[in-house]
Amino acid sequence: QVQLVESGGGLQQAGGSLNLSCAASGRIFKINAMGWYRQAPGLQRELVAVITDGGSATYADSVKGRFTISANNDKNTTHLQMNSLKPEDTAVYYCWAILVPGWGTSTLRYWGQGTQVTVSS
């Protein structure tokens, strides 16, 4: 069983910063990539940022230059540093991982339970 647990969400004023963390635990052989999606009320879930096990990062255009994703492969964690926050960043942020649970098993996708980020104007 694999679990992804997020932390670090909350309320912040526009222009401020927040740091989200996600820790993966359980039966994990190899993590191929970890990242963050977000979903605002009435909207579809969208990709925010993803980082591969090789350290390659990809960002949504809306967060480029403001958000930075990082990962600690040894600890199976990823972090999302969010700077210059805007009210439109308000959403539930979900941690996401693509990983191989065990030797010879298939690659699977896992989701965290989500953490609320609210940015006031």
Side-chain angles (χ1 to χ4, degrees):
Q1 189 76 10
V2 175
Q3 282 189 318
L4 301 181
V5 178
E6 303 107 332
S7 60
L11 175 64
Q12 182 60 271
Q13 290 185 335
S17 299
L18 284 172
N19 187 284
L20 304 183
S21 297
C22 175
S25 62
R27 185 173 180 242
I28 300 171
F29 176 71
K30 180 180 182 296
I31 295 179
N32 294 336
M34 295 186 79
W36 297 87
Y37 278 70
R38 67 186 180 187
Q39 187 167 19
L43 299 179
Q44 289 188 332
R45 192 173 295 190
E46 62 174 359
L47 174 69
V48 177
V50 60
I51 187 167
T52 67
D53 58 341
S56 177
T58 301
Y59 298 91
D61 288 342
S62 59
V63 306
K64 281 181 181 177
R66 300 188 298 121
F67 291 9
T68 303
I69 189 170
S70 61
N72 185 322
N73 294 335
D74 292 339
K75 296 183 178 181
N76 293 335
T77 58
T78 185
H79 305 275
L80 185 68
Q81 177 64 40
M82 305 186 293
N83 298 329
S84 302
L85 284 164
K86 303 176 180 180
E88 50 263 44
D89 294 320
T90 295
V92 177
Y93 284 69
Y94 296 91
C95 180
W96 158 94
I98 292 181
L99 59 89
V100 181
W103 176 260
T105 62
S106 300
T107 299
L108 298 174
R109 179 180 297 186
Y110 292 87
W111 294 92
Q113 79 285 356
T115 185
Q116 177 69 45
V117 171
T118 303
V119 183
S120 62
S121 57

List the residues meeting side chain to side chain donor-acceptor pair (under 3.5 Å) with [X], not counting sequence neighbours, and say none if there are none.
X: Lys64; value: Asp61
X: Glu88; value: none
X: Gln12; value: none

Roughly how far apart are [X] [atom1] and [Y] [atom2], rounded to 0.5 Å?
X: Ser121; Y: Gln13; atom1: OG; atom2: CD; answer: 9.5 Å
X: Leu18; Y: Leu85; atom1: CG; atom2: CG; answer: 5.5 Å
X: Thr90; Y: Gln116; atom1: OG1; atom2: CD; answer: 7.0 Å
X: Lys75; Y: Ser25; atom1: NZ; atom2: OG; answer: 15.0 Å
X: Glu6; Y: Trp111; atom1: CD; atom2: CH2; answer: 10.0 Å
X: Leu4; Y: Gln113; atom1: CG; atom2: CD; answer: 8.5 Å

Side chain to side chain contact (heavy atoms under 4.5 Å, CB included) assessment of Ile31 paired with Asn73: CA-CA 8 Å; Ile31 295 179; Asn73 294 335; over 6 Å; no
Give the minimum heavy-atom separation between [X] and [Y], together with the two atoms involved.
X: Thr78; Y: Ser70; value: OG1-O, 2.8 Å
X: Gln81; Y: Ser17; value: NE2-CB, 3.8 Å
X: Ile51; Y: Ala71; value: CG2-CB, 3.9 Å
X: Ala60; Y: Leu47; value: CB-O, 3.3 Å

For Met82 and Leu20, what are the C-alpha separation, side-chain angles and deciding distance, and is it a side chain to side chain contact (heavy atoms under 4.5 Å, CB included)? CA-CA 8 Å; Met82 305 186 293; Leu20 304 183; 3.7 Å; yes
Show me the donor-acceptor pairs within less than 3.5 Å that the side chains of residues 94-109 make with the rest of the protein, sequence neighbours left out.
| residue | atom | partner | partner atom | Å |
| --- | --- | --- | --- | --- |
| Thr105 | OG1 | Gly102 | N | 2.9 |
| Thr105 | OG1 | Gly102 | O | 2.6 |

With clusters defined by side-chain heavy atoms of hydrophobic residues (ILVMFWY) lying less than 4.5 Å apart, directly or transitively, does Val50 cluster with Tyr110?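 No, because Tyr110 and Val50 fall into different hydrophobic clusters, even though each may have its own neighbours under 4.5 Å.
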Counting only pairs under 3.5 Å, give me each side-chain donor-acceptor contact of residues 34-41, with atom names and distances, residues two or more places apart or in other chains.
| residue | atom | partner | partner atom | Å |
| --- | --- | --- | --- | --- |
| Arg38 | NE | Glu46 | OE2 | 2.7 |
| Arg38 | NH1 | Asp89 | OD1 | 3.0 |
| Arg38 | NH1 | Tyr93 | OH | 2.9 |
| Arg38 | NH2 | Glu46 | OE2 | 3.2 |
| Arg38 | NH2 | Ser62 | OG | 3.3 |
| Gln39 | NE2 | Leu43 | O | 3.1 |

Can you check whether Cys22's main-chain N or O pairs, donor with acceptor, with Thr77's side chain at less than 3.5 Å?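 Such a contact is absent between Thr77 side chain and Cys22 backbone.
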Which salt bridge (charged side-chain N to carboxylate O under 4.0 Å, His left out) pairs, counting each pair once, include a residue from residues 13-31, with sequence neighbours left out?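 Of all non-adjacent pairs touching residues 13-31, those that pass salt bridge (charged side-chain N to carboxylate O under 4.0 Å, His left out) are Lys30-Asp53.
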